[in-house]
Amino acid sequence: MWGSMFFRFDQATLTTVLSACDSPDRLYVVKMIHSIAFVSGFEEGITVGNALVTGYFKCGSSGFARQTFDEMPKRNVVSWTAVISGLVQSQFCEESLRLFVAMRHSDVDANSLTYSSSLTACSGMQAIVEGRQIHALVLKSGVDSDLCIESSLMDMYSKCNSMEDACLVFESAEEFDEVSMTVMLVGFAQNGLEEKALELFVTMMTAGIEIDANMVSAILGVFGVITSLSLGKQIHSLVIKKCLGFNTFVANGLINMYSKCGEFGESIKVFNQTNYRNSVSWNCMIAGFARHGHGLEALQFYENMNLEGVEPTDITFLSLLHACSHVGSIKKGMELFDSMSEVHGISPRMEHYACVVDMLGRAGHLEEAKCLIEGMPIEPSVLVWQALLGACSMHGNLEVGRYASDHLLRVAPECSAAYVLMANIYSSQGRWKERARIIKRMKEMGVKKETGMSWIEVEKEVHSFVVEDLSHPQADSIYEVLDELIAFMIEEGYVPDKRFVLYDLGLG
DNA sequence: TTAGGGTTAG
């Protein structure tokens with residue numbers, strides 16, 4: 001009876017089993033089949049080799065996948081595409097593009113699937129130059145009317161912040177589906193064109209297009225900027241109607257939308273109702289509290305996150321540091337900052353350093369902030385120097401201010417803030433000659449300060465304002481209300497900071 | 001045996 005155990009596997013059986021290997025706990029099966037293929041002599045067959053490469057990637061072992069690919073004596077378009085797409089999905093976009101180039105030098109031609117994967121690699125790297133080159137290849141090979149390619153192209157252009165190009169592809173496409181629509185929604189939302197995203201979403205709704213969870217998550221993303229609660233609630237109704245609330249992305253989108261709008265009662269309700277909460281759900285709550293000045297609530301939520309055993313992410317710490325900065329809890333903020341790498345193994349990024357510098361600086365610990373910058377393991381960027389200079393301006397510290405502006409101008413010679421903040425420091429100390437010198441220097445360098453602007457939408461009409469703006473037809477009554485508000489604030493104990501307001505920088 | 005999309009900070 002044992003004799004029947006020793007039968008030979010054919011290629012079809014091996015590839016069928018490999019196609020079922022799609023999680024790390026099945027890696028041993030892929031390895032086993034690799035050995036069987038080896039002893040059976042199948043490892044030289046392209047089909048089994050390709051399936052092994054895909055199997056290794058799906059089981060999370062890009063190293064073995066790559067090794068198998070490298071050792072294949074013969075490769076076809078499937079082998080190349082499998083390794084190129086596998087590398088993208090494992091976040092090795094640069095390596096994926098390198099292989100695409102290597103493929104171009106081989107005797108195998110790319111197909112639409114290869115182009116699609118390489119474009120995804122460009123999206124991941126924000127590599128628009130390479131993306132455009134692949135776009136040209138796509139046009140040359142005549143596969144440009146493939147919807148997958150079009151979606152990849154739109155996604156590449158939008159991730160590279162070129163919505164004009166993404167729109168050109170979208171408008172020239174003969175058809176669309178839920179994926180290409182989602183790509184455009186996300187593109188608009190992430191490129192500061194929130195109104196366009198909403199417009200597209202409404203068009204889709206009125207055209208009767210089936211809305212799926214991905215589209216809803218994408219559109220909820222615009223509510224960071226658009227804080228229209230009534231619109232948000234309409235989308236929440238849609239979620240309930242279409243039973244999409246069980247999707248974690250959708251639930252997180254709702255939590256985010258409500259917390260950004262300051263509706264914490266609603267956000268907590270959705271948060272508590274969500275069965276599959278993840279770190280993003282917690283981050284959305286923490287960030288919402290931090291944004292609305294509820295630092296203590298943000299810290300409390302973080303405590304609960306720890307108690308539930310949910311691991312924080314780098315974004316959790318950005319929100320927490322932001323919260324500490326505005327509450328003025330330096331000690332707690334530094335504790336959290338240290339725990340990032342020591343307890344959670346997360347290396348601070350530039351943004352974290354900028355947050356800490358901002359936190360220390362706001363509280364007047366300028367020397368401490370300076371020391372922190374000097375000890376940074378990475379080269380401080382504009383963000384960091386600007387945070388330090390901003391704090392110096394706030395506290396009128398000339399010495400550290402000079403140091404910060406000097407470094408800021410080295411990394412960003414056209415940074416208007418470096419000149420303006422420094423001029424403010426000189427003004428606050430009555431150093432008029434030095435102030436004049438820096439303004440002159442700014443003009444000589446051709447640096448222009450962008451005028452600050454605010455806007456509000458009233459009954460579908462957007463009203464925008466700049467400083468000392470009298471152009472609005474209702475300017476008189478607007479200023480009357482402003483005066484009333486300021487009087488009310490002063491009554492409540494607000495002391496206006498008049499150090500800089502008297503000194504017009506003459507920058508128009 | 002190979003392909004396209006979603007939530008969080010700033």
Side-chain angles (χ1 to χ4, degrees), chain A residues 11-12 14-16 18-19 45-55 57-58 69 75-86 88-89 108 110-121 123 143 146-156 158-159 176-187 189-190 212-224 244 247-257 259-260 274 277-288 290-291 312-323 349-352 354-355 358 383 387:
Chain A
Q11 294 203 29
L14 295 185
T15 50
T16 306
L18 280 169
S19 65
I46 295 189
T47 311
V48 177
N50 290 345
L52 280 169
V53 171
T54 308
F57 273 124
K58 282 189 184 161
F69 173 81
R75 302 173 188 127
N76 58 15
V77 63
V78 178
S79 336
W80 283 99
T81 308
V83 77
I84 289 168
S85 82
V88 176
Q89 277 154 28
V108 182
N111 62 16
S112 58
L113 284 71
T114 329
Y115 290 126
S116 197
S117 296
S118 335
L119 285 166
T120 310
S123 295
V143 289
D146 178 313
L147 191 50
C148 278
I149 299 251
E150 284 163 338
S151 304
S152 306
L153 280 168
M154 290 182 239
D155 190 51
M156 182 273 292
S158 84
K159 296 267 161 61
F176 55 82
D177 67 358
E178 63 277 19
V179 178
S180 62
M181 285 292 186
T182 311
V183 168
M184 289 308 287
L185 285 176
V186 176
Q190 306 257 321
D212 71 9
N214 294 319
M215 294 174 179
V216 172
S217 321
I219 198 62
L220 283 169
V222 306
F223 286 93
L244 299 172
N247 178 299
T248 307
F249 283 88
V250 171
N252 288 345
L254 288 172
I255 294 169
N256 186 43
M257 184 264 293
S259 7
K260 283 229 173 110
T274 306
R277 285 198 292 255
N278 60 12
S279 58
V280 177
S281 330
W282 289 90
N283 289 350
C284 291
M285 288 301 304
I286 294 171
R291 183 188 228 215
T313 66
D314 55 339
I315 292 171
T316 318
F317 286 102
L318 279 178
S319 303
L320 288 170
L321 290 168
H322 185 218
R349 282 187 287 121
M350 199 62 79
E351 287 90 338
H352 294 97
C355 257
D358 180 73
L383 279 179

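What you see below is based on every heavy atom in this structure, not just the backbone, and it leaves out hydrogens, waters and symmetry mates. In what follows, every chain begins at residue 1, and chains take the letters A, B, ... in the order their sequences are listed.
- Partner of A/V183 under the side-chain contact (heavy atoms from CB on, under 4.5 Å) criterion, out of A/L153, A/D155, A/N214: A/D155 alone.
- Between the P atom of B/dT8 and the CG atom of A/L320 lies a distance of 17 Å, rounded to the nearest Å.
- When all heavy atoms are compared, the tightest approach of A/I255 to A/M285 is CG2-SD, 3.5 Å.
- Base engagement by A/R349 is indicated by at least one non-hydrogen atom pair under 4.0 Å involving a base atom.
- A/V143 pairs in a side-chain contact (heavy atoms from CB on, under 4.5 Å) with only one of the listed residues (A/I149, A/T114, A/L113), which is A/I149.
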The contact string for nucleotides 1-6 of chain B, one letter per nucleotide 5' to 3', using protein heavy atoms under 4.0 Å with B, S and - for base, sugar-phosphate only and none, comes out as BBBBBB

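- For A/T316 and A/T313, the side-chain atoms include at least one donor-acceptor pair closer than 3.5 Å.
- Between the NE2 atom of A/H322 and the P atom of B/dA9 there is a distance of 11 Å, rounded to whole Å.
- Per the geometry, CG belonging to A/L254 stands 12 Å off P belonging to B/dT8, to the nearest Å.
- Nucleotide B/dA9 holds its P atom 10 Å from the CG atom of A/L318, rounded to whole Å.
- Of the side-chain N and O atoms in A/N252, none sit less than 4.0 angstrom from OP1 or OP2 of B/dT8.
- Between the side chain of A/D314 and the main chain of A/F317, no donor-acceptor pair closer than 3.5 Å is present.
- Among the protein residues, A/L220 comes within range of no part of the nucleic acid, since none of its heavy atoms lies under 4.0 Å from any strand.
- A/T81 contributes no side-chain N or O that, together with a main-chain N or O of A/V78, makes up a donor-acceptor pair within less than 3.5 Å.
- Rounded to whole angstrom, the span from the NE2 atom of A/H352 across to the C1' atom of B/dA9 amounts to 8 Å.
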